[in-house]
Amino acid sequence: CTTYEISELVPCIAAKMEQLVPSIDVDNMIDAMEAADKIDELNDYKSVAKGLHFSCVNLARQKFVSVDLLQNFICKLKYRIPEGLKLIKILKEESKATFSFDVSLEQLNVGPVSSPIFIVNNLPWRIEISKNAINKRSRTEALYPKLFCLKENCENWSSKVKASMSLLDPYGLKNFSGSEYLHIFSATKKCLSAKLLIGMLSANTYVKDNKLTVMAAMNVLNQTGEYCYPNKKLSDLTDADQPKLEDLLPSFKTENDECNKAVKVEEDEHILVLCGDSVVAVKMSILAKESSVIRTKLSKVWTRNSAVEDSNPSPSEVMRARTLTIPKGYDPKAAEILFGYLKGFNVLLEHIEDFKLLEDILGLCDFYMITSPLEAILKHMQKMSVSMDNLVQVFEVGKRLSSIELYKAVAKQLQSNCRRVAKANLISSLLIIKFITDHETNINTVIEILDRC
């Protein structure tokens with residue numbers, strides 16, 4: 001119609017599009033949003049595009065109150081990540097937590113109905129709904145929603161909240177009644193209420209299947225303007241059934257250690273371990289006992305030039321025999337800590353707080369078949385904090401370590417720990433949205449974490 005400038009059909013197409021709106025659901029929401037974006041490029045259909053876009057976002061607001069629905073939606077986005085992220089960002093920009101639930105008329109006739117508890121900004125909230133007749137002759141009813149904060153056991157606290165209560169039409173797509181208000185919740189004022197006229201219930205004007213859908217939209221305002229995780233760390237969740245990382249190492253490590261320690265070195269010269277700009281001097285006797293790979297690599301049988309007499313080695317030959325170059329890709333600091341540890345500087349390990357650095361140290365241990373520090377490294381890893389701040393990094397470390405046979409069990413436990421932390425913290429849709437947008441550059445890892453939760 002746009003190409004051939006046919007304008008007569010525009011109203012018919014707009015009406016047909018409006019008829020299709022109720023068929024939008026979680027499965028085809030992305031398709032509908034893409035259609036809205038393309039239609040918006042056509043001058044004659046901007047109002048159609050705007051209505052379609054609004055319907056998708058409004059449906060997302062309602063459906064994604066459910067943590068399970070939001071997680072399922074995210075996990076299906078593996079091949080349509082940009083489109084899904086666009087919708088998630090729109091929800092994040094609104095800076096509102098939305099919560100909706102269905103209430104049957106029978107329940108309201110009996111008495112007040114309470115919603116499940118939902119968490120916003122680390123505070124528990126609940127909506128209570130009751131109704132009363134304003135005018136019995138006209139059968140006009142009034143709905144009285146109340147918003148409660150269920151925070152307990154604290155005398156001095158307050159929270160500034162901007163909230164609205166709304167009823168939805170039979171298709172759950174348009175707010176036809178509502179009120180907005182700003183309220184300070186505190187230890188003494190934990191509730192606010194508002195009255196909404198809901199029309200003539202007998203005529204079923206706003207009732208479908210004898211049910212009403214009630215939606216609350218709220219924005220808890222704090223100093224940073226951010227919604228907060230409950231901040232539960234792995235140390236808060238550890239129980240007796242969880243194995244320790246150091247106990248997951250294969251038993252052959254002890255035999256390997258004993259074999260290496262039995263090695264004797266005739267010439268105990270210093271070897272320069274080179275990694276990037278870092279240099280660590282380690283005695284050959286230490287390297288030989290710790291690693292058969294290094295012992296073989298630095299053997300003069302392999303390093304000397306056969307054309308040169310043993311009694312008169314060249315300077316370059318001597319240098320080759322005295323250096324061990326670490327392959328590219330490893331953090332120089334990891335090499336410093338590992339080989340420093342082998343020299344007896346155990347304290348270097350105790351100050352590591354970066355899982356990626358420990359991953360590189362474990363990688364070097366596997367590359368050179370060094371087993372003696374493994375138990376100490378994993379004991380330290382066990383003590384390190386796993387929280388929402390480093391959850392994505394730790395999960396990715398676990399994924400990479402799983403490709404090394406020696407660390408498969410350790411990697412599996414690390415990923416399990418991440419899932420436990422995620423499950424304890426991502427307890428509302430708003431927090432899941434925050435988690436997704438905070439780690440947009442690692443969206444594939446985020447999807448995998450949510451999928452496994």
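Since the structure is predicted, the reported quantities are computational estimates derived from the model, not experimental observations. By convention here, the first residue in the shown sequence is residue 1.
- Looking only at side-chain heavy atoms (C-beta outward), Ile271 and Ile294 stay at 4.5 Å or farther from each other.
- At least one donor-acceptor pair closer than 3.5 Å links the side chain of Ser55 to the backbone N or O of Gly51.
- What you find for Val280 and Glu336 is that their closest heavy atoms are CG2-CA, 3.9 Å.
- Side-chain N or O atoms of Lys343 include one that pairs as donor or acceptor with a backbone N or O of Ala281 at under 3.5 Å.
- Listed for the His439 side chain is no donor-acceptor partner under 3.5 Å among the backbone atoms of Val392.
- The shortest side-chain heavy-atom distance between Leu378 and Asp247 does not fall under the 4.5 Å cut-off.
- No side-chain heavy atom of Met369 sits less than 4.5 Å from a side-chain heavy atom of Asp366.
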Please report the C-alpha distance between Asp354 and Gln393 in whole Å, then the side-chain angles of each, then the deciding distance to 0.1 Å, and finally whether the side chain to side chain donor-acceptor pair (under 3.5 Å) criterion is met. CA-CA 9 Å; Asp354 185 356; Gln393 183 198 49; 2.8 Å; yes
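- No side-chain donor-acceptor contact under 3.5 Å links Tyr330 to the backbone of Ala335.
- Using modelled atom types, one side-chain atom of Thr437 and one backbone atom of Ile433 make a donor-acceptor pair closer than 3.5 Å.
- Taking the charged nitrogens against the carboxylate oxygens, Lys89 and Glu440 do have a contact shorter than 4.0 Å, which makes a salt bridge.
- No hydrogens or angles considered: a donor-acceptor pair under 3.5 Å links the side chains of Gln413 and Asn417.
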Does the salt bridge (charged side-chain N to carboxylate O under 4.0 Å, His left out) test come out yes or no for Lys356 and Asp331, once each step is laid out? CA-CA 9 Å; Lys356 178 64 176 67; Asp331 190 329; over 6 Å; no
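- A salt bridge links Asp37 to Lys86: at least one charged side-chain nitrogen sits closer than 4.0 Å to a carboxylate oxygen.
- Looking only at side-chain heavy atoms (C-beta outward), Leu391 and Phe435 come within less than 4.5 Å of each other.
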Please assess Lys399 against Glu448 for the test salt bridge (charged side-chain N to carboxylate O under 4.0 Å, His left out), listing each intermediate value before the final yes or no. CA-CA 11 Å; Lys399 282 182 64 177; Glu448 192 170 351; 3.0 Å; yes
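- Side chain of Asn72 to main chain of Leu69: no donor-acceptor pair is present (N/O by atom type, distance under 3.5 Å, no hydrogens or angles).
- Counting heavy atoms from C-beta on, the side chains of Asp451 and Gln71 never come closer than 4.5 Å.
- Here the side chains of Leu87 and Phe73 are in contact, with some heavy-atom distance below 4.5 Å.
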Check the pair Glu128 / Ser115 against side chain to side chain donor-acceptor pair (under 3.5 Å), numbers first and verdict last. CA-CA 6 Å; Glu128 182 180 282; Ser115 72; over 6 Å; no
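- Atom CZ of residue Phe355 and atom CG of residue Leu362 lie 11.0 Å apart, to the nearest 0.5 angstrom.
- Scanning both residues, Gly329 and Asp360, for their nearest heavy atoms gives O-OD2, 4.2 Å.
- Salt bridge absent: Glu34 and Lys38 never bring a charged side-chain N and a carboxylate O closer than 4.0 Å.
- A side-chain donor-acceptor contact under 3.5 Å links Lys408 to the backbone of Ser402.
- Counting only distance, with no hydrogens or angles, the side chain of Asn425 and the backbone of Val421 share a donor-acceptor pair below 3.5 Å.
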